[in-house]
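In this chain, numbering begins with 1 at the start of the sequence shown.
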Amino acid sequence: MFKQFLAGTAILLALSSAAVAGEQYVDETGFAISGYDAVAYFNLTQKDDGMMQPHAVPGRADITADYNGAKWAFATTGNRDMFLADPVKYAPKYDGHCAYGVAKGAKVPANPNLWRIVDGELYLNITPEVAETWNSDIADYIMDANDEWSDLEPKSASNDSWMEIGDNDGTYDMTAPIK
């Protein structure tokens with residue numbers, strides 16, 4: 001009887017946690033991470049702190065999955081299947097919002113080409129200048145963002161566009177997903 005109670009409690013907690021998850025950042029493309037492939041980041045060669053990362057890999061509009069209330073695009077069906085097997089592993093932190101913005105107490109959009117993987121987790125930032133600042137003290141900014149996130153998570157996702165910010169000109173050479 002006690003085992004059944006524990007199992008029931010675990011299921012209830014899992015369901016209630018999912019119900020209060022925040023909204024995924026989705027821009028005018030209609031896709032999470034602006035239509036770029038979340039799994040592909042983990043196969044790119046990450047550059048040293050302070051250096052611009054390789055551009056994100058565009059997903060395809062015909063290879064998609066739904067997660068956290070958003071549509072995600074992938075470059076291959078294999079990447080989609082890996083994502084579906086463990087979406088928490090591949091989805092960017094803070095529901096795809098800028099990590100530095102979250103550290104400062106706000107949900108702001110994120111540029112999918114301004115990324116870094118830290119301890120197996122994908123973080124995005126909004127502009128090259130912000131990414132440079134975030135890279136100067138990643139550990140402290142992650143700690144601050146994690147502290148802020150519990151208050152921010154239930155709030156509405158940003159509906160601003162990272163592509164409309166002039167500082168992002170030149171940070172991308174194509175939009176995603178590929179049709």
Side-chain angles (χ1 to χ4, degrees), residues 16-57 59 67-73 83 86-172 175-176:
S16 66
S17 295
V20 298
E23 294 177 10
Q24 189 70 40
Y25 171 63
V26 174
D27 64 11
E28 62 271 20
T29 65
F31 288 85
I33 319 179
S34 303
Y36 289 85
D37 186 328
V39 174
Y41 287 98
F42 293 84
N43 295 318
L44 295 173
T45 301
Q46 184 164 242
K47 302 238 178 130
D48 293 336
D49 290 353
M51 297 181 73
M52 185 77 163
Q53 299 301 337
H55 281 195
V57 176
Y67 171 71
N68 196 26
K71 185 175 276 195
W72 300 69
F83 180 84
D86 193 358
V88 172
K89 175 180 179 178
Y90 297 106
K93 291 288 287 183
Y94 317 121
D95 295 332
H97 291 90
C98 170
Y100 179 82
V102 171
K104 295 300 179 184
K107 280 186 172 182
V108 297
N111 179 332
N113 288 310
L114 301 174
W115 62 274
R116 177 157 298 285
I117 294 172
V118 179
D119 295 331
E121 297 185 299
L122 175 61
Y123 295 87
L124 305 174
N125 277 290
I126 188 170
T127 64
E129 184 178 342
V130 166
E132 185 177 326
T133 300
W134 188 79
N135 279 319
S136 71
D137 197 358
I138 293 171
D140 281 346
Y141 286 123
I142 289 174
M143 201 166 42
D144 291 347
N146 289 339
D147 288 345
E148 293 286 340
W149 189 238
S150 61
D151 291 334
L152 289 175
E153 186 176 18
K155 295 182 179 180
S156 296
S158 173
N159 58 8
D160 295 330
S161 171
W162 65 270
M163 286 186 273
E164 292 179 4
I165 300 169
D167 289 351
N168 282 320
D169 292 347
T171 63
Y172 61 99
T175 56

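- For D119, the CG atom sits in a loose shell: 12 or fewer heavy atoms of surrounding residues, nucleotides or ligands are nearer than 6.0 Å.
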Should N113 and Y36 be marked as a side-chain contact (heavy atoms from CB on, under 4.5 Å) after you check the CA-CA gap, both sets of side-chain angles, and the distance that decides it? CA-CA 9 Å; N113 288 310; Y36 289 85; 4.3 Å; yes

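- Remark: E148 CD is packed, more than 12 non-hydrogen atoms of other residues, nucleotides or ligands lying under 6.0 Å away.
- Pairs engaging residues 100-117 under the salt bridge (charged side-chain N to carboxylate O under 4.0 Å, His left out) rule: D49-R116 [sequence neighbours left out].
- Annotation: side chain of N159 is not in contact with side chain of P109 (no heavy-atom distance under 4.5 Å).
- Using modelled atom types, no side-chain atom of Q46 and backbone atom of Q53 make a donor-acceptor pair closer than 3.5 Å.
- Closest of all the heavy-atom pairs between L122 and A38 is CD2-O, 4.5 Å.
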- Task: Check the pair D95 / N68 against side-chain contact (heavy atoms from CB on, under 4.5 Å), numbers first and verdict last.
- Result: CA-CA 8 Å; D95 295 332; N68 196 26; 3.2 Å; yes

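- Under the 4.5 Å side-chain criterion, counting only non-hydrogen atoms from C-beta, T171 is in contact with M52.
- Classified by interplanar angle (parallel below 30°, tilted 30° to 60°, perpendicular above 60°), the ring pair W134/Y123 is tilted.
- Using a 4.5 Å cut-off on side-chain heavy atoms (C-beta onward), Y25 and Y94 make no contact.
- Ring geometry for W115 versus Y41: interplanar angle over 60°, hence perpendicular rather than tilted (30 to 60°).
- Taking all atoms of both residues into account, the shortest heavy-atom contact from A145 to V102 is O-CG1, 3.5 Å.
- Distance check, rounded to the nearest 0.5 Å: OH of Y141 to OG1 of T133 gives 6.0 Å.
- Contact record, L114 with T127: CD1-C, 3.1 Å, taken as the closest heavy-atom pair.
- The 12-atom threshold is exceeded at NZ of K93, counting heavy atoms of other residues, nucleotides or ligands nearer than 6.0 Å.
- I142 places none of its side-chain heavy atoms less than 4.5 Å from the side chain of E121.
- Summarising the geometry of L124 relative to G96, their closest heavy-atom pair is CD1-O, 4.0 Å, with the distance given to 0.1 Å.
- For the atom pair CD of E28 and CD of E164, the computed distance is 6.0 Å after rounding to the nearest 0.5 Å.
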- Can you list the steps and then say if L152 with H97 is a side-chain contact (heavy atoms from CB on, under 4.5 Å)? CA-CA 11 Å; L152 289 175; H97 291 90; over 6 Å; no

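- Within the 4.5 Å cutoff, no side-chain heavy atoms of I126 are placed close to those of N111.
- For D27 (side chain) and W162 (main-chain N/O), no donor-acceptor pair under 3.5 Å exists by modelled atom type.
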- Carefully, step by step, assess V108 and Y100 under the rule side-chain contact (heavy atoms from CB on, under 4.5 Å). CA-CA 9 Å; V108 297; Y100 179 82; over 6 Å; no

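- When every heavy atom of G35 is checked against every heavy atom of A176, the shortest pair comes out as O-CB, 3.4 Å.
- Taking all atoms of both residues into account, the shortest heavy-atom contact from P92 to Q24 is CG-NE2, 4.4 Å.
- A centroid separation of 6.0 Å or more is found between the aromatic rings of W72 and Y90.
- Between L44 and V57, some side-chain heavy-atom pair lies under the 4.5 Å cut-off.
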